[in-house]
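Right, one structure below, let's go through it.
Please read all numbers here as calculations on a predicted model, not as lab measurements. In each ligand, atom 1 is the first atom listed, and ligand 1 is the first ligand listed.
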Amino acid sequence: MTDSVASRLNEVRRTIAESCAAAGRDSGFVTLVAVSKTHGPEAVAEAIAAGQRVFGENRVQEAKAKFPDLRAVHPDLELHLIGPLQTNKVKDAVALFDVIETVDRPKLAEALAAEMAKTGRRPRCLIEVNTGEEPQKAGILPADVAAFVAVCRDVHKLPVTGLMCIPPVDEEPAMHFALLAEMARRNGLAEVSMGMSGDYPTAIRFGATHVRVGTAIFGARPSFTE
Ligand SMILES: *Cc1c(COP(=O)(O)O)cnc(C)c1O
């Protein structure tokens, strides 16, 4: 039983509690987003049975195939989109997700605002920040964050509640986490989504309010899906 979803989930919860205690933070302010991408509904159901309610998916189509049935039984699930969102999927994303963590360009902000106005559904929005300024990576550059947040909030009236980042794989994540938390503070945003299986204790130390953990809960994913 040591490698069941429930036992790994408990292990992650324990690590979160310890990391919070070490940082002098209240663990009630850190939400575990269980990243279930590539794993089937049975794995998600195991996590739900173990008390998990917040899940992250990186593809709209995959989430759409997996979650509506689970939601019908568990209406209190909270679903986060953590992968890139194309404008032609905005309608589905607004219908399905409670939080969209990857708002990363003006065209997308505009499309989200239009869909929210049309449907009245208003998923919370996080701005994805390219803290490492990597050319191939999505996200707003640090220097442009304040202006982009202002456009999203004041022009498009989006419910912007925070920032998210995925640090470069080959760098110490700590400085990226510190930068993201500082930008959130400066822009008056309460939510900071950062930290994955390999580094969520560090992210908590630097102020994460949401950690996105997949592998440590559900096990390894097939590598071709990344
Ligand atoms: C897959 C993914 C995660 C989870 O990664 P693990 O290393 O499996 O914990 C977190 N955030 C994003 C954006 C992801 O795509």
Side-chain angles (χ1 to χ4, degrees), residues 3-16 19 30-40 43-44 46-47 50 52-64 66-67 78-86 89 93 96-105 108 123-132 134 136-140 161-174 176-177 179-181 184 191-226:
D3 60 354
S4 68
V5 167
S7 67
R8 283 188 296 233
L9 193 48
N10 278 330
E11 189 63 33
V12 171
R13 287 177 180 144
R14 190 155 46 233
T15 304
I16 290 173
S19 305
V30 177
T31 299
L32 171 60
V33 180
V35 176
S36 49
K37 64 188 187 194
T38 78
H39 298 282
V44 177
E46 274 184 74
Q52 181 64 27
R53 289 296 180 272
V54 184
F55 291 90
E57 286 281 342
N58 68 335
R59 291 179 187 194
V60 176
Q61 289 314 111
E62 184 182 341
K64 202 179 166 186
K66 212 185 288 181
F67 274 88
E78 181 176 288
L79 193 54
H80 291 226
L81 179 64
I82 61 167
L85 178 56
Q86 296 165 298
K89 301 263 170 65
L96 184 62
F97 289 94
D98 304 292
V99 183
I100 295 175
E101 296 204 13
T102 49
V103 181
D104 63 356
R105 56 196 195 281
L108 177 59
R124 305 198 314 270
C125 294
L126 274 57
I127 309 299
E128 181 173 356
V129 183
N130 186 354
T131 58
E134 296 172 278
Q136 81 287 3
K137 197 172 261 181
I140 301 294
T161 55
L163 304 179
M164 81 84 93
C165 77
I166 310 168
V169 285
D170 53 356
E171 283 181 33
E172 264 301 311
H176 297 277
F177 294 156
L179 174 64
L180 193 73
E191 299 188 307
V192 187
S193 172
M194 57 190 191
M196 317 194 339
S197 291
D199 54 20
Y200 67 96
T202 307
I204 289 170
R205 180 146 56 90
F206 284 93
T209 64
H210 292 72
V211 291
R212 310 178 306 267
V213 179
T215 310
I217 297 170
F218 294 107
R221 292 179 294 272
S223 56
F224 59 83
T225 56
E226 300 272 2

Once you restrict to heavy atoms under 4.0 Å, what part of Lys37 touches ligand 1? Side chain, backbone, both or neither.
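The side chain, only.
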
Of all the heavy atoms in Arg221, does at least one lie under 4.0 Å from an atom in ligand 1?
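The answer is yes, since Arg221 has a heavy atom less than 4.0 Å from ligand 1.
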
Provide the number and element of each atom of ligand 1 under 4.0 Å from a heavy atom of [X].
| X | result |
| --- | --- |
| Ile166 | 13 (C) |
| Ser197 | 6 (P), 7 (O), 8 (O), 9 (O) |
| Thr215 | 6 (P), 7 (O), 8 (O), 9 (O) |
| Arg212 | 4 (C), 9 (O), 10 (C), 11 (N), 12 (C), 13 (C) |

Does this structure show an ion pair linking Arg8 with Glu11, if we count only N-O contacts that are shorter than 4.0 Å?
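Looking at Glu11 together with Arg8, the answer is no, because their closest N to O distance does not fall below 4.0 Å.
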
Charged N to carboxylate O under 4.0 angstrom, Glu134 versus Lys137?
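Salt bridge flag = yes for Lys137 with Glu134.
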
Asn58, any N or O under 3.5 Å of ligand 1 N or O:
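In fact, backbone or side chain, Asn58 has no N or O that close.
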
Judging by distance only, is a nitrogen or oxygen of Met196 under 3.5 angstrom from one on ligand 1?
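No; the residue has no nitrogen or oxygen that sits under 3.5 Å from a nitrogen or oxygen of the ligand.
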
Sub-4.5 Å side-chain heavy-atom contact between [X] and [Y]:
| X | Y | answer |
| --- | --- | --- |
| Ser36 | Phe67 | yes |
| Ile166 | Glu128 | yes |
| Val54 | Val99 | no |

For the side chain of Thr131 and the backbone of His176, is there at least one donor-acceptor N/O pair under 3.5 Å apart?
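It does not hold such a pair.
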
